Enquirer: 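Take a look at the following structure, please.
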Amino acid sequence: MGLERITRVKEALQLNFQAVVFTVGGTNGKGSTCALLESILLAASYKVGCHTSPHLLSFNERARVNGEIVSDALLLEHFKAVEMARTSLPNPPTLTYFEFTTLAIMHLFAKADLDAVILEVGLGGRLDAVNMIDTDCAIVTSIDLDHMEYLGNTREKIAFEKAGIFRTDTPAICADPVPPQSLIDHAGSIGADLWLMGKDYNFQGDKQQWGWAGRGKRFSGLGYPALRGANQLLNASAVIAALIAVRGRLPVGAQEIRNGMAWVELPGRFQVLPGQPTIILDVAHNPHASAALAQNLENMAYHPYTIAVFGAMADKDIDGVLKPMMDKIDFWYLCDLPTPRAASAESLAARLRSLGFKEGADSGIEVFSSPALAYESALKKAGEGDRISVFGSFYTVAGVLAYRNAKAH
């Protein structure tokens, strides 16, 4: 891991941005934060590029221009430009899949005459491919234990990696209400303009609406974001802080914030599908995200039975993901996933049993060779008032979405 190879190709491409660049890192909430930022800026009639990862169904989801997913033809043009730049160098560097595709998407954005560019960090921050671009405003959403083999095994170590996206004299927004000292220290040591939740900005709300205040600016009577879930106000508050921090270059008004929050969409993040039984899709694949999903399920109306369709990567803290959901799920439909990194459905079943899940007349565990088969069986099992929670890896949610799309056509 490192930025040396990708930076050589970036320089050969003469890649630079006139647009305001937002870089979004963190353990959970990155996708929601990017979607909220994009939606508000589009509501304010700015031209916006947004690069997120991973994708659910098609690679193109990683690159949006003005809210639209870009075409194959346009992507290929920029893949070609990257490969030409790479091979023009003496001792051409090899690039990873993520480095190559990130360069192509950034090249596309640099040529698209945009006002704002939103870049989601893939892993960590300091050594992530998107960090080759100097940001105009960095956002760290939350700091929790994930990808520990790369980022370290404590919140302090992980926070230092996330804070690697901060820049000198540049706004650095931290949405985590309890930020590790390493993040605060790093911001101080490089002279970043750190905005801390509860110190530089805050929010308060009731059942109907919420308000935001920070650094001499105040918004009241805001509607809740259209994204569901308990953590969305933390994400939305950080987004408003970021927009206030760059308002000299990208002014945004209260009504545009309201519209953007109302119009935002993000597949696979506590996404509740219309119809019966209730189906919830959530790419919760670490303990922090699983705890949020459990809380969100708790806050929903009564359902007689809840069936989980779950698959996960073997390198995740699987026990940590399962524990918050143990008392929320009656039937576990566990699935293999189409990648060698995945934990087998059988091994997930063993984990559940070792954590004390009891099978009986009103509870059970079944294993399946794919998310589609698990979901199909869950649909047969579920009564009209029941709910199915599809969660875990992106592959789990993507497998179910692909199955639903195939059935719809």
Side-chain angles (χ1 to χ4, degrees), residues 2-3 6-7 10-11 15-27 29-30 33-34 36-38 40-41 44 46-52 102 105-106 109-110 114-143 158-177 179-202 212 214-217 234-252 257:
L3 297 178
I6 197 171
T7 301
K10 173 199 153 189
E11 284 165 359
L15 195 62
N16 56 53
F17 288 106
Q18 304 309 311
V20 177
V21 176
F22 297 89
T23 304
V24 180
T27 306
K30 294 192 295 284
T33 299
C34 290
L36 283 161
L37 200 47
E38 178 188 35
I40 292 167
L41 289 167
Y46 289 115
K47 291 194 272 188
V48 185
C50 187
H51 171 35
T52 58
T102 299
I105 290 167
M106 290 193 187
F109 288 171
L114 301 171
D115 301 307
V117 167
I118 301 161
L119 303 175
E120 180 185 349
V121 170
L123 171 66
R126 184 172 64 90
L127 299 176
D128 188 76
V130 305
N131 203 32
M132 66 176 164
I133 301 293
D134 285 327
T135 192
D136 296 300
C137 181
I139 305 173
V140 171
T141 56
S142 65
I143 298 138
I158 290 173
F160 175 74
E161 294 296 331
K162 308 272 185 213
I165 62 174
F166 295 169
R167 294 294 189 272
T168 303
D169 296 331
T170 298
I173 318 293
C174 181
D176 194 304
Q181 192 60 40
S182 58
L183 177 137
I184 296 168
D185 291 347
H186 180 69
S189 73
I190 66 166
D193 175 21
L194 183 61
W195 291 53
L196 290 174
M197 170 74 210
K199 178 170 175 262
D200 297 275
Y201 71 98
N202 57 59
W212 182 97
R215 296 212 186 171
K217 192 81 183 152
L234 278 173
N235 298 331
S237 291
V239 165
I240 295 176
L243 291 168
I244 296 307
V246 300
R247 67 183 181 276
R249 288 178 66 187
L250 282 177
V252 170
I257 290 172

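For this chain, numbers begin at 1 and follow the sequence in order. From a predicted model like this one, the values you see are computed outputs, not experimental measurements.
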Enquirer: How about L234 and P177: do any of their side-chain heavy atoms sit closer than 4.5 Å?
Expert: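 Yes, side chains in contact.
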Enquirer: For M132 and T7, work out which heavy atoms get closest and say how close.
Expert: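 Between these two residues, the closest heavy atoms are CB-OG1, 4.3 Å.
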Enquirer: Any side-chain to backbone donor/acceptor pair from T170 onto A192? Under 3.5 Å, distance only.
Expert: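 The answer is no, because no donor-acceptor pair under 3.5 Å joins these two groups.
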Enquirer: Can you tell me how far the CG atom of L196 sits from the CG atom of L183, to the nearest 0.5 Å?
Expert: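 Going from CG on L196 over to CG on L183, the span is 7.5 Å.
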Enquirer: Suppose we screen for side-chain contact (heavy atoms from CB on, under 4.5 Å). Which residues come up paired with R126, at least two apart in sequence or across chains?
Expert: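 In terms of side-chain contact (heavy atoms from CB on, under 4.5 Å), with neighbours along the sequence ignored, R126 is linked to F160, E161.
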Enquirer: Could you tell me which residues satisfy side chain to side chain donor-acceptor pair (under 3.5 Å) with W195, sequence neighbours excluded, listed by chain and number?
Expert: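 Per chain and number, W195 pairs via side chain to side chain donor-acceptor pair (under 3.5 Å) with D193.
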Enquirer: Heavy atoms, side chains only, cut-off 4.5 Å: are V252 and L41 in contact?
Expert: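 Sidechains of L41 and V252: in contact.
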Enquirer: Any donor and acceptor pair, going by atom type alone, linking the side chain of N131 with main-chain N or O of L127 inside 3.5 Å?
Expert: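 A pair under 3.5 Å: no.
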Enquirer: Can you confirm whether L114 sits close enough to F17 that some side-chain heavy atom of one is under 4.5 Å from a side-chain heavy atom of the other?
Expert: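 No, their side chains stay 4.5 Å or more apart.
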Enquirer: Measure across P251 and Y46 and return the closest heavy-atom pair with its distance rounded to 0.1 Å.
Expert: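 Smallest interatomic distance, heavy atoms only, reads O-OH, 2.7 Å.
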Enquirer: Counting C-beta onward and ignoring hydrogens, is there a side-chain heavy-atom pair between K10 and L3 closer than 4.5 Å?
Expert: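 No; the side chains remain at least 4.5 Å from each other.
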Enquirer: Looking at T135 and T23, would you say the former's side chain and the latter's main chain have a donor-acceptor pair under 3.5 Å?
Expert: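 Yes, the answer is positive, given that a donor and an acceptor are paired below the 3.5 Å cut-off.
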Enquirer: What residues, two or more places apart in sequence or in another chain, satisfy salt bridge (Lys or Arg N to Asp or Glu O under 4.0 Å) together with E120?
Expert: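 Salt bridge (Lys or Arg N to Asp or Glu O under 4.0 Å) list for E120, sorted by chain: empty.
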Enquirer: How far does CD1 of I190 sit from OG1 of T168, to the nearest 0.5 angstrom?
Expert: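 Between atom CD1 of I190 and atom OG1 of T168 there are 4.5 Å.
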Enquirer: Could you check V130, I139, T52, T141 and say which one makes a side-chain contact (heavy atoms from CB on, under 4.5 Å) with V121?
Expert: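 Between V121 and the candidates, side-chain contact (heavy atoms from CB on, under 4.5 Å) is satisfied uniquely by V130.
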Enquirer: Using side-chain heavy atoms (C-beta onward) and a distance below 4.5 Å, is D128 in contact with I165?
Expert: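 The answer is no, as the side chains (C-beta and beyond) never meet within the 4.5 Å cut-off.
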Enquirer: Is any side-chain heavy atom of F22 less than 4.5 Å from a side-chain heavy atom of L250?
Expert: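 In short, these two side chains touch, coming nearer than 4.5 Å.
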Enquirer: Taking the side chain as every heavy atom from C-beta outward, state whether I173 and D200 have any pair of such atoms under 4.5 Å apart.
Expert: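 Contact flag for I173/D200 side chains = no.
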Enquirer: Counting distance only, does the side-chain N/O of K30 pair as donor-acceptor with the main-chain N or O of G26 below 3.5 Å?
Expert: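 Looks like yes, one N/O pair under 3.5 Å.
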Enquirer: Please find the pair of heavy atoms, one from A116 and one from A19, that lie closest to each other, and give the distance.
Expert: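 Where A116 meets A19 most closely, the heavy atoms are N-CB, 3.8 Å.
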Enquirer: Find out whether Y201 and I240 are in side-chain contact, i.e. whether some heavy atom of one side chain is under 4.5 Å from a heavy atom of the other.
Expert: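 Counting from C-beta outward, Y201 and I240 never come under 4.5 Å.
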Enquirer: Looking at residues at least two apart in the chain, or sitting in another chain, which of them share a salt bridge (Lys or Arg N to Asp or Glu O under 4.0 Å) with K199?
Expert: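 By the salt bridge (Lys or Arg N to Asp or Glu O under 4.0 Å) rule, K199 matches no residue at all.
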Enquirer: Could you work out, with salt bridge (Lys or Arg N to Asp or Glu O under 4.0 Å) as the rule, every residue matching D115, not counting sequence neighbours?
Expert: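 D115 satisfies salt bridge (Lys or Arg N to Asp or Glu O under 4.0 Å) with no other residue.
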Enquirer: Nearest 0.5 Å, what's the NE2-CD1 distance between H51 and I118?
Expert: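 The CD1 atom of I118 is 12.5 Å from NE2 of H51, to the nearest 0.5 Å.
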Enquirer: Which heavy atom of C50 sits nearest to which heavy atom of E38, and what is that distance?
Expert: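 So the minimum-distance heavy-atom pair works out to CB-OE2, 3.6 Å.
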Enquirer: Please give me the minimum heavy-atom distance between V21 and D134, naming the atom from each residue.
Expert: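 Result for this residue pair: CB-O, 4.3 Å.
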Enquirer: For a quick test of reading the model, state the closest non-hydrogen atom pair linking I244 to K217 and the distance between them.
Expert: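 Closest approach of I244 to K217: CD1-CG, 3.8 Å.
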Enquirer: Mind running side chain to side chain contact (heavy atoms under 4.5 Å, CB included) on V117 and M106 for me, showing each step along the way?
Expert: CA-CA 9 Å; V117 167; M106 290 193 187; over 6 Å; no
Enquirer: Provide the full list of side chain to side chain donor-acceptor pair (under 3.5 Å) pairs with a residue in residues 235-249, sequence neighbours left out, each pair given once.
Expert: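 The answer is D136-R249, Q232-N235.
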